[in-house]
Amino acid sequence: MTIYAMGTTASAIQMIQQQRLLLQLEYETEKEAYRQQTETIGIGRKVKRGDAWWPLRIGKSYYNSLNQLAVEVFRTTDEDIEHNFEFGRPVVFFTFSEEDAKKAKISYFRFTGIVSYVDGDRMVVTVPDNARLIDLQGGAPVGVQLSFDETSYRLMMEALDRVLRGKGRLGYLRDLFYSKSLKPETFVFQPMHFPYLNATQEQAVNQVLRAKDVAIVHGPPGTGKTTTLVEAIHETLMRESQVLVCAQSNMAVDWISEKLVDRGINVLRIGNPTRVNDKMLSFTYERRFEAHPDYPQLWALRKAIRDLRSHRKRGDEKYHQRLDSLKSRATELEIRINSELFGEARVIASTLVGSANRLLDGQKFGTLFIDEAAQSLEAACWIPMRRVSRVILAGDHCQLPPTVKSIAALKAGLGKTLMERIVETHPEAVTLLKMQYRMSEDIMRFSSNYFYDGQVESAPEVRFRSILDLDTPMEWVDTEQTLPQPLPEGMGVDTLGNDVIDLQANDSPPYREGLGEGLSYINKAEGLLTLHVLQQYFERIGKQRLLDERIDVGIISPYRAQVQYLRRLLMKREYFKPFRRQVSINTVDGFQGQERDIIVISLVRSNDEGQIGFLRDLRRMNVAITRARMKVIILGNRQTLTRHPFYRQLWQYVESLRATPQL
């Protein structure tokens, strides 16, 4: 038995070591890409991509409730561009002199800040105590840009190192997840009944409650994964005093936290929310800390410490004695406030990386819930796992994968998530949610057949939903047949940067896709056609009905350049002015977790070689199609796309719907 266990451990350690090597490769790739980007890409392009604000208006500076020096900044231009700043991301400030501007040379300030929170065009950044904020308020214009995130990589690597050395519970979970020989243990009890859940949701909650080691809730689009997870957390809290809930992104943490609060559960959110409103702020650690009755006394002690340091007199023999006394009282008070806040909370919620926060030092939990686990790198999932006895993962590995920028690391397996690994090694731990409540049956059927072995069905109340009578739920507009040839002047492909090069509707090299670096594809003719097709459909529905029923639309393109071009077109098109609040345009990633009545998808790619780039990541198309409740319109060059078997099947499926009379 010992030899068997040692063999299992050795195999698991070897695979974890490979993960660490691949993570190191990803780290080096991203760091080098950031270096090149910083040196070669102009501020204009960084601003357009949402990675920089320039010029800034500098607001007030102050010490926040966590005793961090914070500075308030405001974006003054390009407010319509969606930016990538969010809580926890590192940033650097920069400026130009007149001479630097001529040479396109940026001067960076010698400190790194961390985004505390963002609300529209206002952002608060925490900076080191020794940062010279007076330099930010000088005469030269100042900007801020995202910096390379060393911290996340450091925490992930430390987590993998801890797993490699892991003994006890952590070592057991490591061996279990990497071995088909070891089997997850379960409790045995009669299934509980939940009248407000469907059969597979009820089965999932029971499986979570029975699991001693691990359980997975596999939730395809629209199947009520969040509802199921909230119920599982609620039932777990009947048996445990407190649980840890994590997700990859701040947005996902906000979403599950809000649903738990709606259920009446006391949530303590570590970190600031993405959406800054009173409801979200009310359960954050920082807001609760400030609201504690002892906080004014702590604030006064901290102010006294800062005043004492700044007014220290040479030869003051009692300086250290007074300073130590103040610091001791402040520390005692802070520990007492934290103890009360954590003692009252039933759920501690944070991002996976945020679970390494010093506030959680020494904390242990019975259960860890990881939402959107299929979008998280395996290394990130191990960060909070040192604190728990068992783990519950929820997500869908047939939707968006984690972002991996190193092609070599991706091909070698870095993109394989912990959830995927456990689905393969322990399928008995997985419950597939099979009833979806979002889409009409005709929209869901293709996704169900291709990605979920035909197991996902539509609930009776949504099965035949549609906007228009006798409407075809899915359409494919073949841009090769629809676009005029040759293309009118100004239609074609250009770069995401400032220099625009017009070509015919092909996207052959030197253009390449890249969300963040390099160039991104854009097809102007298809962009114009996209709004034309949507306008035609709007005219069939009728303006008054669109406004009265608030029928909403999502326009999706896999390419950021196309998204930005479509946004500009929409703002200029007078016809859409009354409907602008009802039409949102974003990438596939930007629509994750959302839904709309109508989804329009611009696939962009059009060339004679059948090159479709990262459209080969079929999970993105699964996400795009399944955002729709009642109507999907796909625009794409059939000749280019249907050389790939997936798009050929999709085309044939849409054609079969067109040929079938709609009842």
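Between S602 and E526, the closest heavy-atom pair is OG-OE2, 2.6 Å. Taking each heavy atom of I443 and A628 in turn, the nearest pair found is CD1-CB, 4.2 Å.
Salt-bridge check for R463 with E457: failed, with every basic side-chain N at 4.0 Å or more from each acidic carboxylate O. Salt bridge D548/R545: absent, no basic N to carboxylate O contact under 4.0 Å. Of the charged side-chain nitrogens involved, at least one lies within less than 4.0 Å of a carboxylate oxygen, so that E378 and R421 count as a salt-bridged pair. Ion pairing of R581 with D552 is absent here, as no side-chain N (NZ or NE/NH1/NH2) approaches a carboxylate O to less than 4.0 Å. Looking at E420 and K416, no side-chain N of the basic residue comes within less than 4.0 Å of a carboxylate O on the acidic one, giving no salt bridge. The existence of a salt bridge linking D51 and R45 is excluded, since no basic side-chain nitrogen approaches an acidic carboxylate oxygen closer than 4.0 Å.
Put simply, the side chain of V217 does not reach to within 4.5 Å of the side chain of T431, judged on heavy atoms. For the pair F464/D442, no side-chain contact is recorded, criterion being any heavy-atom separation below 4.5 Å from C-beta on. Counting only heavy atoms from C-beta outward, the side chains of P558 and L615 approach each other to under 4.5 Å.
In summary, the aromatic rings of F614 and Y559 are positioned with their centroids under 6.0 Å apart. The aromatic ring centres of F646 and F446 sit less than 6.0 Å apart.
In this structure, Q564 contributes its side chain and K48 its backbone to a donor-acceptor pair below 3.5 Å.
The environment of M435 atom CE is dense: over 12 non-hydrogen atoms of other residues, nucleotides or ligands sit within 6.0 angstrom.
Each of E461, E595, E441 was checked for a salt bridge (charged side-chain N to carboxylate O under 4.0 Å, His left out) with R629, and the lone residue meeting it is E595.
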